[in-house]
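A quick write-up on the structure given underneath.
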Amino acid sequence: MKNKTSFPPQEGEARPSRCPDNSAFKQQKLPAWKPQLTIATVLSSFFLIGAFCLAVGVCLVLSANSVREIQIDYSDKCSDCSKLRENSSNWNKECHCSVNFTLKEDILGDVFMYYGLQNFYQNHRRYVISRSDAQLLGRNVNIQKSYCAPFTTYRNGTPMAPCGAIANSMFNDTIDLFYNLNSSVIQVPLLRTGNSWWTDKNVKFRNPESYNLSSAFAGTARPPYWQKPVYLLDEEDERNNGYINDDFIIWMRVSAFATFRNLYRRVRRIRQFADGLPAGNYTFHISYNFPVTKFKGRKHVILSTVVWSGGSNPFLGIAYVVTGTAATLAGFVITAIHLKLRKKKTYFQK
Amino acid sequence: MALSVDSALYRWQRLGAESPSHTLSESTPLLFPLRGKSNLNLNKCRIVFPNNGRQWEDWKHASTFYSGNRIQTTKYTWFTFLPQYLFEQFHRLGNLYFFFLVVLNWFPQVEVFHREITMLPLIVVLLASMIKDAIEDYRKYRFDKMINLSKTRVYDKMIWKQHFFKETCCRCGAPDTEVQNEELEKRAKVKKRKKKNENKRVIISNLPFGSKKWKENPNRYYDSNKIKTTKYTIFTFLPKNIYDQFHRFANIYFVVIALLNFVPVVNAFQPEVSVIPICVIMAITAIKDAWEDFRRYKLDKEINHMGCYIYSREERAYVEKCWKDVRVGDFVQLQCNETIPADILLLYSSDQNGICHLETANLDGETNLKQRQVVTGFSSQNTLFEPEFFQNTIICEMPNNDLNKFKGYMEQPNHERIGFNIESLLLRGCTIRNTEAAIGIVIYAARRLETHKELDLDDEDFAKLQHFTLPPVNIERRATYKQRTMRPLRRCQSARAHFQGHTRNRSLGRRDSNQSQVAFSSTIEKDVTPDSRLLRRVREAALQTENLSPFMKTSTSFTDFFLALAICNTVLVSTATEPRQRVTVPPPIKPSGITLEKIHQMFQRLKLASLSQSFSSSQSSSDLGASFSAKNTEEHLAALDCCVNDDDCCASGRGDELQGRGSTDIGGASLDEVFKSVTNSSSPTDFCYEAESPDEAALVYAAQAYSFTLVSRTPEQVTVRLPQGTLLTFDILYTLGFDSVRKRMSVVVRHPLTKEIVVYTKGADSVIMDLLEDSAKADVSTEKRMKRIKEKTQKHLDSYARDGLRTLCIAKKVLNEDDFQKWANFRREAEAAIDNRDELLMETAQHLETKLTLLGATGIEDRLQDGVPDTIAALREAGIQIWVLTGDKQETAVNIAYSCKLLNQRDTIFTINTENKETCESLLNLTLEEARKNYEVEKPRRKFFGIIPTSFSASEAPSPKFGLVIDGQTLNIIFQGGLEEKFLALTKHCRSVLCCRSTPLQKSMVVKLIRRQLKVMTLSIGDGANDVSMIQAADVGIGISGQEGMQAVMASDFAISRFKHLKKLLLVHGHWCYARLAKMVIYFFYKNVSYVNLLFWYQFFCGFSGNTMIDYWQMIFFNLFFTSLPPLLFGVLDKDVSAETLLDLPELYKNGQNSEIYKLSTFIITMLDAFYQSLICFFVPYLTYEDSDIDVFSFGNPINTISLLTILLHQALEMRTWTLFHLVTMLGSVMFYLVFSLIYNAACVICNPPISPYWIMEKQLSDPMFYLLCLITPVIALLPRFVIFALRGTFGASLILKAQQLDKLPKAQRDLEIKKLRSRKQATSSVLPASNDDLEQNISHFCLSPFLHPAAAAVSHGDRESWGLSASEANPFRKQTPEEGYSFFNRWAEEESTAVDSSAGAVSGHYPLVPSRVTTHGQDSGKLTKDNAHNFNHGSHRRSVSAVTL
């Protein structure tokens, strides 16, 4: 007790009041709204929710149904190659294979080509952190301090560029699409750039500053699983080379699940492909480099369109429809209960 | 402390009693081997041999047996530290758990982490607490050492010269050389600033040392008066504050977590991120601490700069100086109403008696005045004090923490010593009152008492507080039982704890008080309405007296009685126009009176504050003439009624019943010369009386009501105005103050008319009755009459007690001059004695107070405070079982219980009073059996009605319930004899339990027993110092501030000013608190479970690698910022039901008792809901994004957002009250989350390696899918809960829901509905009185029709003995017992009586009882009985007119 606080209480008048402030906050008498669940609010909320969800759900389902998608598993189709790749000593041996498929009808609109991987745990914790964003920004950093281990340097001390497990395991199959039109084979024009996020390409990933790329990466070595150094990822396009290579950027955005797809190419809408892919026979020419049999994985190549609500996954629409139905049903049930019990209510019911 | 002293005393007495049988011969027992073997067993008894060489052998033998005086409180030694410490640590479950984890990790199959790393947390925790323990132990060791090394003098034969050690405290009789040595030593230690070993303080006047010679002043080493309560300075703030904060275990935990994250192998977060929470928490705490400290600093500054007058040599006057400049040795002049700047030795007071009044409200909260006295024997009292001539050296003890003890002496230049003690010390912080000026010398500057340090939390408190931060623990205990005492309702005797107060002021009229130290001054009931009949008689008597006055030989017994009432109190008289705070100049001409005891006796007296000029009483007649002799006046009983206006709280009432009784004629002188002519004034002056106990003031007011007005009271004189208007001025010769041993107070006065010396004694009835004049010498008729008078008085006393009044007896004694002179010499001698003054004073007092003549008896009623029965009824309706623990007499307690509706007239009351264990046990068994029998009969039916409660017709008469009355002795037996379980089993069947005559210790033991055995929440409420232990023993202690001082309040958790506020405190705030806390705790569990589970679900998809899809910052901020404020606000401001409804429907409180909100099922349901919600929050996004090119953070971001929305919306569903704050925090949380995410995701490219969520939020916000997800998922997640809520309102509407609906209704309709609801409740609750047995739902209190009538009570002989009356009249209960009081109890009482006391056998015949008191009282008491009966029937708590008998 601070015994000095109250000084001479002169006739009791001067004594400071020890009452707390009579403010609404301190007396907990703030004006308050006390919501009450009445039959009106409950029912209206149920029915409103139900109607809204049903409407949105129907839209979503319809739009998801308009998506055309073709998915081809090619991990076993090139059985020789997969066997070859099981032995890592054959890393420099080339292996090609081709996969044929037929489009029954046209795929109209923008067509996206994905590669899909199954059972590849890109989201494993140790894998996810094994990167150095500073290095990918083109800064000259000491990657020894980064999380790239064990893919930081070679034994002789040469740093890897780019370092880390994610970069090292980059998907390196090359997939080309050919359209077989009347025994003539036309290569479908595919866009290699513009597939990644604009911010990634322009902000997050930068090549080291130098007069040319090879000198910029001088003193570094390619990751062990790579067949060529990073400055040779796209020899044709300077703006798609090095760290800012779209394939590389997309790979570096680690996917959330073990089964995933990454955007690989987009169909360039020119000539006969101006409206999309016409129906007919197509062939994928694949240079098979990425081994999946070792981790019991699968590889796909996927051709798909997109709509405003995403891809072909109809789940969200179904979820809306189901929720809307459930809410409406609950509303009806509650109405029934209320009507049944209303006669019994004697008090507290307005 | 008091307890240990008591027990030691007891042991000592027992040994003393046993010792004669053992001391067989003068030689020591060891010399007689045979006998020695037989009875010298050092294990059994303690034999102490003097260590003076005579019995060297024995002493040596024995002393090896006894432990030394060395104390050791340390837990460990150097060698035992490690093993013992480890052993203790592994007693803790938490450590064992960690240990188990470590062991698990040593098995390769289950190894998760590296072994070394799993050991890390354990080792850190162990190390930290080890260091803490070691430091604590070291401190204990140092403290022990200090105590063990403190010096004492021990006789040693080997060294012939006596070896003088320094004593721990200085005494007046210490040899001169010692002091000189002290001073020499001091000078030798000039360099040392702090002198720790010195235990005396030598103070001389500062005046000889001017400013130049300051260096030579021996006072310069003492602390200055500047105070500093701040904890930190600017420079020490950071380190010290951080150190303080790391004292909290929670902070250590966070630090350990953060540290762990710095270890690469185990880091879950980035190390920097993991530091954030602890930093934020510590920063907030630091800011708070800094602010508090700054306020303390400002306060200090303010105090340090307060002014006071200090004597300055240069100016030869008192000059004003700041407090902080006050130095030890300064002379300070204090004015009235000034606060004392330092501890000052009082040297002069403007009061002629050398008394200075001070108010200690700032120190201990007591507002009454205390007296301080100028150092006894200090010569300069009569002249004005001149500091220049002060040449004494003051030697006193070093600063310590004892508020009440202080000793020292003053050495004059001629080496003469004057001792002084606490009575002369003015404590810092007190306020001077009623004294114009006081001068003193500063002894201790700043803090002698270290009051600030006392208030710092010690370790234990700290630990307790920490405990309270774990809400679930507290909530799980159900607040079912309430422990209560009736103290707030009454003021009564108290056995006060020893720790506080000033022993000098003793309250009067408290029977059992050991040390009632706390006095209080409150405005006391003034308007005493006198009983008209008694008033008439008094007037008649007065008239007669006046008529006869020339020949007056007697003062009537009436007069005597009321004179005694008026005189025999320690009161302070003041008038309304001159309140006591104002100083009045004492009248210049003062009748000198007898002055020889002036110096010694001033303690007991209170100063006259004002002297009124003229007095008159309107009804006084001027016609003096006839004579009157009051011969054997019949007993007259009066009832007067005082309307009490208690301190700050209640307009409680108090009825005084006065019974005067005639005594024999007393010869005296004529009244002529004293009777003055009456000056008439139109308005009688209004007198205010302030007394240490309200009872005293009540008595004075009562006398005033009968026109015996106490007009003034000085230490020497007391003036009373008689009904005739005559002013009678008595010289007070002596005042023998009240003490708890004598239990009485006496005043010796010289009667102005008769000039005879009269002793008026007022005291506890039991004591006074024993001291009455032995009538054996007188003739037969006188003896008979005396006996009859005594009996009748006793009867009245009993009836008073039965009515709940506090009784006092008033007696007188006439001394002749010789005897008085003899005694006065005696007394003076005693007062002059130094050694055992207290004992001598007591002896002389006892010597005087013998052979008294009974004048009358008074009964003082404590009127209940407002709204007590109402509150009790409400609390009971709320399902709280109420116990009353009181120190009152049994009858008093029972009647109070009736009057506050604690007991019902129809209740069956079991009374257990016994001193014997066997009897007690059998009584308990019998009662229990009886109670169970009734219960068994009702049980099946109850069950039936429990299923269909409404089908029962309420026609059946409500059955009586049980009440249990038990007294302190029996409680003791129960505690000692291990009968607690039976006792508790019995109390479970009882509606209410009354424990009478219980000591503070017993009160706390009862509380602890209930807490321990029944595992319920207990609440203690009390207002007196004797409730302190009980208040502290209970889970919740509530103190009522007001009448009995502040001790209860200071010991309590909550303080209220009136008992009726308990209703609101419990029913409203208790309910709210429970509802808020429970909901908030559940909500926090829910929140964390639902959020953390998101991460868990993700582990199924990332190979259980511990990866998270949410960014660390967002994850850590989620609990810290995004979702922290709304639940906090919810926990502070939510009101599920409005206060009015809660007050109107006490049943709502059961909600908390039965833990309806925080119970296992709710918890499980909430957890399941949390699981469900987290599943939805995770899997809806998962299924949406399945098989797409979504990346980790783009997946986590919607999940985080969704779960934020869900969690907040969930809370919105739970909230019953929406204020602006709620809305703002809700929206603010969401907004803050979005803004933070946007900024963070835009700004941070690589600031958070290795993975950065760069641009995620922006990207997501541009994606329609994100919005669709955020809409649907919370809806799916909360839909079930919403459905349940909706259905809950439709189907099983709980009481809370009903109450909530009630809140919505307009007021009139609401009242109507509540009435309806309550009437329904009562209809059912008459069948199901489960209101008070929430402990176990299956206990009910049914009594069947045979017990419809009031109960019988079993009485023990103990009561009878203590009353010293014939048994047939001893027990008032018996009188009330109707004939149909069933024989069971009679038989039982008989058994008990015969078992315990054979003499009771004859008595037990009375048990088949005569139904009413009418026969015993005769016609006289007829009205009384009727009135009483009336009271009882209606259970009215306001007994304004309780009894009149003539």
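The sequence lines fix the lettering, A, B, ..., with proteins before strands; numbering per chain opens at 1. Since this is a predicted model, take the numbers as computed values, not measurements. Reckoned from all heavy atoms, side chains included, excluding hydrogens, waters and symmetry mates.
In terms of heavy-atom pairs under 4.5 angstrom with chain A, the leader among B:Thr1217, B:Leu1183, B:Val1132 is B:Leu1183. Contact count versus chain B (heavy atoms, under 4.5 Å) is highest, among A:Val254, A:Asn262, A:Val42, for A:Val254. Note: A:Phe46 leads A:Tyr114, A:Phe46, A:Tyr127 in heavy-atom pairs under 4.5 Å with chain B. Considering only heavy-atom pairs separated by less than 4.5 Å from chain A, the leading option among B:Trp1072, B:Trp1218, B:Tyr1185 is B:Trp1218. Comparing B:Ile1190, B:Leu1268, B:Thr1219 by heavy-atom pairs within less than 4.5 Å of chain A, the highest count is held by B:Leu1268. With chain A as the partner, the residue from B:Met1109, B:Lys1259, B:Glu1258, B:Arg1216 showing the most heavy-atom pairs under 4.5 Å is B:Lys1259. The greatest number of non-hydrogen atom pairs below 4.5 Å with chain B, out of A:Leu137, A:Ile250, A:Thr199, A:Leu30, is found for A:Thr199. The candidate with the highest count of non-hydrogen atom pairs below 4.5 Å against chain A, out of B:Asp1189, B:Asp1191, B:Val1192, B:Ile1246, is B:Asp1191.
Neither side chain, A:His338 nor A:Thr335, offers a donor N or O lying under 3.5 Å from an acceptor on the other. Side chain to side chain, A:Asn195 and A:Arg266 meet the donor-acceptor criterion of an N or O pair below 3.5 Å. Side-chain atoms of A:Thr325 and A:Thr328 form no donor-acceptor pair, as typed in the model, at a separation below 3.5 Å. Side-chain contact of A:Thr259 with A:Gln118: a donor-acceptor pair under 3.5 Å is absent, judged by distance alone.
Only the side chain of A:Arg139 comes within contact range of chain B, judged by heavy atoms closer than 4.5 Å. Of the atoms belonging to A:Val56, it is side-chain heavy atoms, and not backbone ones, that fall under 4.5 Å from chain B. Heavy-atom distances place the side chain of A:Ser45, and not its backbone, under 4.5 Å from chain B. Contacts of B:Tyr1098 with chain A are made by side-chain atoms alone, with heavy-atom separations under 4.5 Å and no backbone atom involved. Contacts between B:Ser1194 and chain A at a heavy-atom distance below 4.5 Å involve the side chain alone, from C-beta outward. When heavy atoms are compared at a cutoff of 4.5 Å, A:Tyr121 approaches chain B solely by way of its side chain, counted from C-beta outward. The parts of A:Pro35 that come within reach of chain B are both its backbone and its side chain, each placing non-hydrogen atoms under 4.5 angstrom from that chain. Heavy atoms of B:Glu1186 lying under 4.5 Å from chain A belong to its backbone as well as its side chain. Looking at A:Phe52, the atoms closer than 4.5 Å to chain B (heavy atoms on both sides) all sit in the side chain, from C-beta outward. Contact of A:Ile302 with chain B is not made at all, since no heavy-atom distance falls under 4.5 Å. Looking at B:Ser1188, the atoms closer than 4.5 Å to chain A (heavy atoms on both sides) all sit in the backbone: N, CA, C or O. With a threshold of 4.5 angstrom between heavy atoms, A:Ser132 does not approach chain B through any atom at all. With a 4.5 Å cut-off on non-hydrogen atoms, B:Phe1104 does not touch chain A at all. Of the two parts of B:Leu1271, the backbone and the side chain both hold a non-hydrogen atom closer than 4.5 Å to a non-hydrogen atom of chain A.
A salt bridge does not link B:Asp300 with B:Lys298: none of the charged nitrogens is closer than 4.0 Å to a carboxylate oxygen.
For A:Asn140, the CG atom is loosely surrounded, since the number of other residues' heavy atoms within 6.0 Å does not exceed 12. Enclosure of atom CZ in A:Phe332 is not indicated, since only 12 or fewer non-hydrogen atoms of other residues, nucleotides or ligands lie within 6.0 angstrom.
Residues A:Phe112 and A:Tyr264 place their aromatic rings such that the two centres sit no closer than 6.0 Å. For an aromatic pair to be called close, the ring centres must be under 6.0 Å apart, and B:Phe1178 with B:Phe1101 satisfies this.
Screening A:Phe171, A:Phe295, A:Phe257, A:Tyr115 for a ring pair (Phe, Tyr, Trp, His ring centres under 6.0 Å) with A:Phe120, the sole residue that qualifies is A:Phe295.
In this structure, B:Arg1281 and B:Glu1214 have side chains that are in contact, with non-hydrogen atoms separated by less than 4.5 Å.
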Residue pair A:Lys204, A:Leu136: steps toward the side-chain contact (heavy atoms from CB on, under 4.5 Å) verdict: CA-CA 7 Å; A:Lys204 210 175 167 186; A:Leu136 298 177; over 6 Å; no

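Between the NE2 atom in A:His124 and the OG atom in B:Ser1105 there is a gap of 4.0 Å [rounded to 0.5 Å].
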